[in-house]
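Data first, discussion second: the structure below is written as structure tokens.
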Amino acid sequence: LGQEGPWFRFELDHGVEARLAFPERDIGRIVFRRAGGYRLDRGWSIAPDRGEPGFEGRPRDDLSGFSLPAASIAVDADGVTIATAGLSARVRLSPFGIEWRRAGESAPFLQDRPTQAYFVSRKTGAFRHFLARDGRERHYGLGDKTGRLDKTGRSFRIDAVDPCGFDAETSDPLYKMIPFYIVDGPTGAHGLYYVNLATASVDFGATLDNYHGLFRSYQAD
């Protein structure tokens with residue numbers, strides 16, 4: 001659809017719009033918005049200079065205070081490549097998907113699953129995101145979670161409950177819900193943060209599928 005300030009806009013099915021921006025040279029951000037706007041149009045966790053958003057929060061599209069590095073655009077028959085000095089996003093148009101690369105690297109360090117990367121429910125608002133997974137990648141994070149530090153091969157609920165008497169190896173969910181995790185793989189480490197207050201689940205390879213290959217996923221209720 002073009003560019004609007006720091007945002008690059010893409011039209012998806014059923015009135016959903018994907019908006020992509022680079023707040024900093026090493027940070028990419030993508031948001032999904034319905035035709036009627038966001039269900040929750042404010043956020044309390046994205047702010048520049050490690051600041052604390054005010055009580056009222058910040059509008060979801062507000063990137064004021066970030067450096068917003070200049071970006072170049074290259075268009076071809078299959079998609080669009082948007083690049084800054086430190087990071088680039090290769091956007092495949094059909095089916096829609098994104099590959100993220102660091103400057104100077106030919107291989108993506110993060111890429112959407114090439115088969116059905118996104119699902120958005122028109123009825124409930126539920127959202128799903130599927131990423132291709134390298135079998136050598138390790139996964140860490142999500143706040144309070146049981147078991148070993150490396151969470152590869154497990155799935156977890158993103159929910160806050162009070163599980164008295166929990167099993168330290170297997171119980172889930174557990175107290176804190178923080179939809180942030182770090183992936184360490186052949187091309188180094190990167191982090192993903194889902195700015196969403198809904199209850200959700202994250203799958204780090206517990207689900208296997210002969211059609212889709214290796215993947216990990218995030219599903220918000």
Side-chain angles (χ1 to χ4, degrees), residues 20 22-32 43-53 66 86-89 97-105 107-114 117-119 127-163 165-209 212-221:
L20 187 150
F22 295 87
E24 302 290 348
R25 66 185 306 274
D26 59 350
I27 298 176
R29 187 173 182 199
I30 182 168
V31 297
F32 291 83
W44 289 264
S45 53
I46 301 296
D49 301 322
R50 302 182 181 182
E52 185 75 15
F66 290 96
L87 193 64
S88 69
I98 306 174
E99 297 178 350
W100 299 89
R101 289 175 173 81
R102 300 182 184 94
E105 296 181 355
F109 66 88
L110 174 68
Q111 57 184 323
D112 288 337
R113 194 174 71 178
Y118 298 93
F119 288 89
F127 172 84
R128 302 181 74 180
H129 179 207
F130 296 89
L131 288 153
R133 180 173 62 86
D134 189 303
R136 296 167 291 180
E137 290 177 328
R138 306 291 94 186
H139 303 79
Y140 310 92
L142 299 183
D144 274 351
K145 293 299 172 189
T146 57
R148 64 188 184 188
L149 186 64
D150 177 8
K151 307 304 182 187
T152 304
R154 294 188 62 187
S155 62
F156 299 92
R157 287 290 299 164
I158 306 298
D159 194 3
V161 297
D162 190 16
F166 66 89
D167 185 296
E169 183 178 4
T170 61
S171 289
D172 182 67
L174 176 66
Y175 299 119
K176 299 182 183 72
M177 50 182 293
I178 304 175
F180 171 79
Y181 65 87
I182 295 172
V183 180
D184 186 23
T187 60
H190 60 272
L192 291 92
Y193 180 40
Y194 289 94
V195 188
N196 194 334
L197 298 178
T199 53
S201 60
V202 174
D203 186 323
F204 290 138
T207 301
L208 300 176
D209 189 293
H212 294 293
L214 296 182
F215 65 89
R216 60 179 178 265
S217 64
Y218 167 84
Q219 177 174 343
D221 297 331

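Quick note: residue numbers are just sequence positions, from 1. Everything quoted here is computed from the prediction, not taken from an experiment. Computation of the quantities below employed the complete heavy-atom set of this structure, encompassing side-chain atoms and omitting hydrogens, waters and symmetry-equivalent molecules.
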Can you name the salt bridge (charged side-chain N to carboxylate O under 4.0 Å, His left out) partners of D144, sequence neighbours left out?
->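 With neighbours one apart ignored, the set is K176.
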
Side chains of [X] and [Y], heavy atoms from C-beta outward: is any pair under 4.5 Å?
{"X": "F156", "Y": "P173", "result": "no"}
{"X": "F215", "Y": "T207", "result": "yes"}
{"X": "H190", "Y": "I182", "result": "no"}
{"X": "Y175", "Y": "F166", "result": "yes"}
{"X": "L192", "Y": "L110", "result": "yes"}
{"X": "P186", "Y": "D134", "result": "yes"}
{"X": "F130", "Y": "D209", "result": "no"}

List the steps, then state whether side chain to side chain contact (heavy atoms under 4.5 Å, CB included) holds for L20 with I98.
-> CA-CA 10 Å; L20 187 150; I98 306 174; 3.8 Å; yes

Short side-chain to backbone donor-acceptor contact, [X] and [Y], under 3.5 Å:
{"X": "D49", "Y": "G51", "answer": "no"}
{"X": "D112", "Y": "A117", "answer": "no"}
{"X": "R102", "Y": "T187", "answer": "yes"}
{"X": "S155", "Y": "V202", "answer": "no"}
{"X": "R154", "Y": "A206", "answer": "no"}
{"X": "K151", "Y": "T146", "answer": "yes"}

Hey, could you give me the [atom1]/[atom2] distance between [X] and [Y], rounded to the nearest 0.5 Å?
{"X": "D172", "Y": "D167", "atom1": "CG", "atom2": "CG", "value": "11.5 Å"}
{"X": "S88", "Y": "R101", "atom1": "OG", "atom2": "CZ", "value": "6.5 Å"}
{"X": "L87", "Y": "E105", "atom1": "CG", "atom2": "CD", "value": "10.0 Å"}
{"X": "R128", "Y": "S201", "atom1": "CZ", "atom2": "OG", "value": "7.5 Å"}
{"X": "D150", "Y": "H139", "atom1": "CG", "atom2": "NE2", "value": "8.0 Å"}
{"X": "L131", "Y": "R113", "atom1": "CG", "atom2": "CZ", "value": "9.5 Å"}

Answer with yes or no after comparing the ring centroid distance for [X] and [Y] against a 6.0 Å cut-off, counting only values under it.
{"X": "Y194", "Y": "F180", "value": "no"}
{"X": "F119", "Y": "F127", "value": "no"}
{"X": "Y118", "Y": "H129", "value": "yes"}

S217 versus D203, side-chain donor and acceptor atoms under 3.5 Å |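 No pair is found: no donor N or O on one side chain lies under 3.5 Å from an acceptor on the other.
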
Consider only side-chain N and O atoms of Y193 and S45, and report whether a donor and an acceptor are under 3.5 Å apart.
->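 Yes - a donor-acceptor pair under 3.5 Å links their side chains.
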
Can you name the closest pair of heavy atoms from A220 and A200 and give their distance?
->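 Looking at all heavy atoms of both residues, the closest pair is CA-CB, 3.7 Å.
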
Charged N-O contact under 4.0 Å between D184 and R136 =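 Between R136 and D184 there is no salt bridge, as every charged N stays at least 4.0 Å from the carboxylate O atoms.
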
Would E137 and R216 pass as an ion pair if we require N to O under 4.0 Å?
->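 A salt bridge links E137 with R216.
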
Please walk me through it: do D159 and T199 pass side chain to side chain donor-acceptor pair (under 3.5 Å)?
-> CA-CA 5 Å; D159 194 3; T199 53; 5.7 Å; no

List the steps and the verdict of side chain to side chain contact (heavy atoms under 4.5 Å, CB included) for F109 and W100.
-> CA-CA 6 Å; F109 66 88; W100 299 89; 3.8 Å; yes

List the steps and the verdict of side chain to side chain contact (heavy atoms under 4.5 Å, CB included) for I46 and F66.
-> CA-CA 10 Å; I46 301 296; F66 290 96; 3.9 Å; yes

Full working for side chain to side chain contact (heavy atoms under 4.5 Å, CB included) between F22 and I27 | CA-CA 6 Å; F22 295 87; I27 298 176; over 6 Å; no

